[in-house]
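By convention in this document, chain letters (A, B, ...) are assigned in the order of the sequence lines, proteins followed by strands, and residues within each chain are numbered from 1. Because the structure is predicted, anything quoted here is derived from the model rather than measured.
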Number of protein chains: 2
Amino acid sequence: MNKTYSIKEVAEKFALPISTIRYYDKKGLLPFVSKNKAGYRVFSDSDLQFIQTICCLKDTGMSIKKIQKYIELCMQGSTTIDDRKTLLLQHRQNVIQKQKAIEKSLKEIDQKINRYASPISRDLIAAQITYVQNEKASLNLKDPFS
Amino acid sequence: MNKTYSIKEVAEKFALPISTIRYYDKKGLLPFVSKNKAGYRVFSDSDLQFIQTICCLKDTGMSIKKIQKYIELCMQGSTTIDDRKTLLLQHRQNVIQKQKAIEKSLKEIDQKINRYASPISRDLIAAQITYVQNEKASLNLKDPFS
DNA sequence: TGTTGCTATGAACTATAGTTTAGGGTTTAA
DNA sequence: TTAAACCCTAAACTATAGTTCATAGCAACA
């Protein structure tokens, strides 16, 4: 049978603070959520599907404003399919670009970690400090290690 | 020969606004940068190396405060190697976790794109709308498509 | 020597994404 | 029927990461 969920249950399911769900609603991300006569939000299973999508977009760095735009298109029915596809394809490109940037940065970070983890890390770092000090001295610049 | 760089040159090299570099300096991210007698910042090649690392950490989501902490450890010399390693290993875990989350979300986004790109996308979406409407009706909740 | 362009600071301002508070209704279970 | 546990809104507040502005001092070149 179809169940409904309170805001607290939804918050637990998605590991979000209740305040964040209310904030999303205020920002127009949850126009599909009904309210009962007392004014309480009543979430259905299909609502949870939408929220899952919202979390997906959020976790990949889409702004609230863009997500709102996407949800708005969803609520307008089948006529907006092309717009939605365009929006998601654009976002997909952004995500892939970000993935690449993270990948690249992570490699640099790993190199630093390896230096620090080396048995001769103290020597490596000491040599680097000396190098910087010589460079700075040759340019008549202040020694940053002092 | 060792060259020096103005803030403008550094901004161009790293594709950062000049205001951001000043902001980073104010936040304690650039304690290694010297100033000439006029008060102008003078960047050396080793400074650029540091800034490269800062960009790395920033691009993988480290906060300004954490980066400041890392740089501070760097300036304290070889005695802080263990602390730096710990800090970067911790960050590494965060980055990898984020990578996984992005990977997972991207798959969901791709599924949506595929639905929208399907030759029968209109039917798929129409069926979904009908499903939601039935679910909402069976729960005596307002139809969100109207 | 003056004009153009670069640099500086501090303070105010902006954007984004929430969180907290105040004040007040609702639901549930003893 | 009343206390505890929910839920609501509006508005104020916070945190983060910058950006912009006002004012003013250097630098390079015609």
- prompt: Between atom CG in D25(A) and atom P in dA17(C), what is the gap in whole Å?
  reply: 16 Å
Below 4.0 Å: OP1/OP2 of dT19(D) and any side-chain N or O of T20(B): yes
message: Starting the side chain at C-beta, find the nucleotide from dG18(D), dC8(D), dT7(C) nearest to K35(A).
response: dC8(D)
- prompt: In terms of the nearest nucleotide of DNA chain C, which residue is placed more toward the 5' end: K58(A) or K8(B)?
  reply: K8(B)
message: Taking only side-chain N and O atoms of K26(B), does any of them lie within less than 4.0 angstrom of OP1 or OP2 on dT9(C)?
response: no
field: Nearest-Å distance for atom pair OH/P, residues Y24(B) and dT16(D)
entry: 14 Å
field: For atom CD of Q68(B) and atom C1' of dT16(D), their distance in whole Å
entry: 15 Å
- prompt: So, is R41(B) close to the dA8(C) phosphate, meaning a side-chain N or O under 4.0 Å from OP1 or OP2?
  reply: yes
query: Could you give the CD1-to-C1' distance, from I21(A) to dC6(D), as a whole number of Å?
result: 14 Å
Minimum heavy-atom distance between K136(A) and S46(B), given as atom pair plus value: CE-OG, 4.2 Å
Residue pair R122(B), D82(A): steps toward the salt bridge (Lys or Arg N to Asp or Glu O under 4.0 Å) verdict: CA-CA 10 Å; R122(B) 288 186 73 87; D82(A) 282 356; over 6 Å; no
Step-by-step salt bridge (Lys or Arg N to Asp or Glu O under 4.0 Å) determination, K3(B) to E9(B): CA-CA 12 Å; K3(B) 196 191 172 319; E9(B) 288 173 304; 3.4 Å; yes
field: Verdict with reasoning, Q68(B) to E72(B), per side chain to side chain donor-acceptor pair (under 3.5 Å)
entry: CA-CA 6 Å; Q68(B) 192 276 325; E72(B) 186 175 300; 3.0 Å; yes
statement: Atom NZ of K65(A) and atom C1' of dA17(C) are separated, to the nearest Å, by 12 Å
- request: Go through the steps to decide whether F14(A) and L48(A) satisfy the test side chain to side chain contact (heavy atoms under 4.5 Å, CB included), and finish with yes or no.
  value: CA-CA 9 Å; F14(A) 290 95; L48(A) 300 194; 4.1 Å; yes
- prompt: Heavy atoms under 4.0 Å, any strand shown: does R22(B) hit a base, just sugar-phosphate, or nothing?
  reply: base
message: I'd like to compare against my own output: the B/S/- annotation of nucleotides 24-30 of chain C with a strict under-4.0 Å heavy-atom distance to protein.
response: -BBS---
- prompt: In Å, rounded to the nearest 0.5 Å, how long is the span from OG1 of T53(A) to CD of E108(B)?
  reply: 6.5 Å
- prompt: Looking at S6(B), does any N or O in its side chain come under 4.0 Å of the phosphate oxygens OP1/OP2 on dC6(C)?
  reply: no
query: Y23(A) has an atom OH; how far is it from atom P of dC13(D), in whole Å?
result: 18 Å
field: Sugar-phosphate only, base, or nothing, as touched by S19(A) at under 4.0 Å among non-hydrogen atoms
entry: base
- prompt: Looking across every strand, which nucleic acid part, if any, lies under 4.0 Å from K27(A) by heavy atom: base, sugar-phosphate, or nothing?
  reply: nothing
query: Atom CD1 of I7(B) to atom P of dT19(D): distance rounded to whole Å?
result: 12 Å
- prompt: M62(A) pairs by side chain to side chain contact (heavy atoms under 4.5 Å, CB included) with which of K58(A), K66(A), K65(A)?
  reply: K66(A)
field: Helical stems, DNA chain C - three or more consecutive Watson-Crick or G-U wobble pairs below 3.5 Å
entry: C:1-30 with D:1-30
- request: Show your working on side chain to side chain donor-acceptor pair (under 3.5 Å) between Q49(B) and D45(B) and close with a plain yes or no.
  value: CA-CA 7 Å; Q49(B) 294 291 314; D45(B) 282 303; over 6 Å; no
field: Q90(A), K98(A), H91(A) screened by side-chain hydrogen bond (donor to acceptor under 3.5 Å, both in side chains) with N94(A), the one that passes
entry: Q90(A)
message: Quick check for you: to the nearest 0.5 Å, what is the distance between I71(B) atom CD1 and L30(B) atom CG?
response: 8.0 Å
- request: Find which nucleotide of DNA chain D each of P17(B) and I18(A) is nearest to by heavy atoms, and output the residue with the more 5' nucleotide.
  value: I18(A)
message: From CD1 of I64(B) over to P of dA17(D), roughly how many Å is that when rounded to an integer?
response: 5 Å
